[in-house]
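The structure appears right after this line, and notes come after that.
Quick note on labels: first sequence line is chain A, next is B, and so on, each numbered from 1. In this text the structure is predicted, and so the values were computed from the model without any measurement.
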Amino acid sequence: ILNVEQSPQSLHVQEGDSTNFTCSFPSSNFYALHWYRWETAKSPEALFVMTLNGDEKKKGRISATLNTKEGYSYLYIKGSQPEDSATYLCASRRMDSSYKLIFGSGTRLLVRP
Amino acid sequence: GAVVSQHPSWVICKSGTSVKIECRSLDFQATTMFWYRQFPKQSLMLMATSNEGSKATYEQGVEKDKFLINHASLTLSTLTVTSAHPEDSSFYICSARRRQSNQPQHFGDGTRLSIL
């Protein structure tokens, strides 16, 4: 994989449902994987920066895992709430990249009350 | 903490006008700032990396004479779209990073640019 890819593109769930999305990234020369949450009319908000294979991070009801060998990360939201509705972006940083991030197209989540 | 202010939020102007967008880190010193462009339903595409006190590094395919970047201080970077044309209409967003290596980037709110 040369690009950062996210799936699904969009997701509609009911309040209370748990959900997860995938980010695939180049595993060669991997340095870090970033997750951001982007609500409409606001700036992207950093959720996690992950670097180590097997890393698992948690922030409230949101958690993320990282597999650097196969080049994927999962973002999980437990018990989705309407305020979780946003676009979730992942971005990969490579070792040779001078802090540059390559972004996926995002997963747009809509949580229905 | 880690607030980035981007101004203006939106611009509508005539073809041929030059437009300046400002990006400020309000409560931290940003050694590096980044400028992205986003087309509808696409990902954030990095245009250039701006380091304080030195020339910006542009990504392949981005015209440096068209998109002038100045990073005169540790808290301010500007992007000027020179002689803008309708094809330059897009969403432009900046981000800034602190000195520490594994910190996330902190984003502004973005600028919606419409060229008539």
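- Atom NE2 of A:H12 is surrounded by more than 12 heavy atoms from other residues, nucleotides or ligands within 6.0 Å.
- Using a 4.5 Å cut-off between heavy atoms, A:L89 contacts chain B through its side chain alone, with no backbone atom that close.
- Under a hydrophobic-cluster definition in which Ile, Leu, Val, Met, Phe, Trp and Tyr are linked whenever side-chain heavy atoms come within less than 4.5 Å, directly or via other members, A:L11 and A:L47 are assigned to the same cluster.
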As a quick check of understanding, evaluate side chain to side chain contact (heavy atoms under 4.5 Å, CB included) for A:L101 and B:Q105, giving each step before the final call. CA-CA 9 Å; A:L101 295 180; B:Q105 292 181 16; 3.4 Å; yes

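- Tracing side-chain contacts under 4.5 Å through hydrophobic residues (I, L, V, M, F, W, Y), one never reaches A:I62 starting from A:Y74; they form parts of separate clusters.
- Between chain B and the residues A:A46, A:P44, A:A32, the most heavy-atom pairs under 4.5 angstrom are made by A:P44.
- Nearest heavy-atom pair, A:V49 versus B:Q103, reported as atom, atom and distance to 0.1 Å: CG2-C, 4.4 Å.
- One finds the CG atom of B:L44 at 9.0 Å from the OG atom of A:S105 (value rounded to the nearest 0.5 Å).
- Here B:F107 contributes atom CZ and A:E45 contributes atom CD; the two are 12.0 Å apart, rounded to the nearest 0.5 Å.
- Residues from residues 79-87 of chain B never place a non-hydrogen atom less than 4.5 Å from a non-hydrogen atom of chain A.
- Other residues, nucleotides and ligands contribute more than 12 heavy atoms inside 6.0 Å of the NZ atom of B:K66.
- Under the 4.5 Å side-chain heavy-atom criterion for grouping Ile, Leu, Val, Met, Phe, Trp and Tyr, B:L68 is not connected to B:I21 through any hydrophobic cluster.
- B:D109 places no side-chain N or O within donor-acceptor distance of the main-chain N or O of A:K42, the cut-off being under 3.5 Å.
- Contacts of B:L46 with chain A are made by side-chain atoms alone, with heavy-atom separations under 4.5 Å and no backbone atom involved.
- Within a 6.0 Å sphere centred on CZ of A:R37, other residues, nucleotides and ligands contribute more than 12 heavy atoms.
- Neither B:L76 nor B:Y92 shares a network with the other; the hydrophobic side chains, linked directly or stepwise wherever heavy atoms of I, L, V, M, F, W or Y lie under 4.5 Å apart, form separate groups for each.
- Between A:Q9 and B:K41 there is no side-chain heavy-atom pair separated by less than 4.5 Å.
- Neither the backbone nor the side chain of A:F48 comes within contact range of chain B; no heavy atom of the residue lies under 4.5 Å from a heavy atom of that chain.
- The two atoms that bring B:S43 and A:G104 nearest to each other are CB-O, 3.1 Å, heavy atoms only.
- Under the 4.5 Å side-chain heavy-atom criterion for ILVMFWY residues, no single connected hydrophobic cluster contains both B:I93 and B:V11.
- Using the six-membered ring where Trp is involved, B:F91 and A:W38 have ring planes that are tilted, between 30° and 60° apart.
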With side chain to side chain contact (heavy atoms under 4.5 Å, CB included) as the test, would you mind laying out the steps for A:Y99 and B:T31 before giving the verdict? CA-CA 11 Å; A:Y99 308 110; B:T31 49; over 6 Å; no

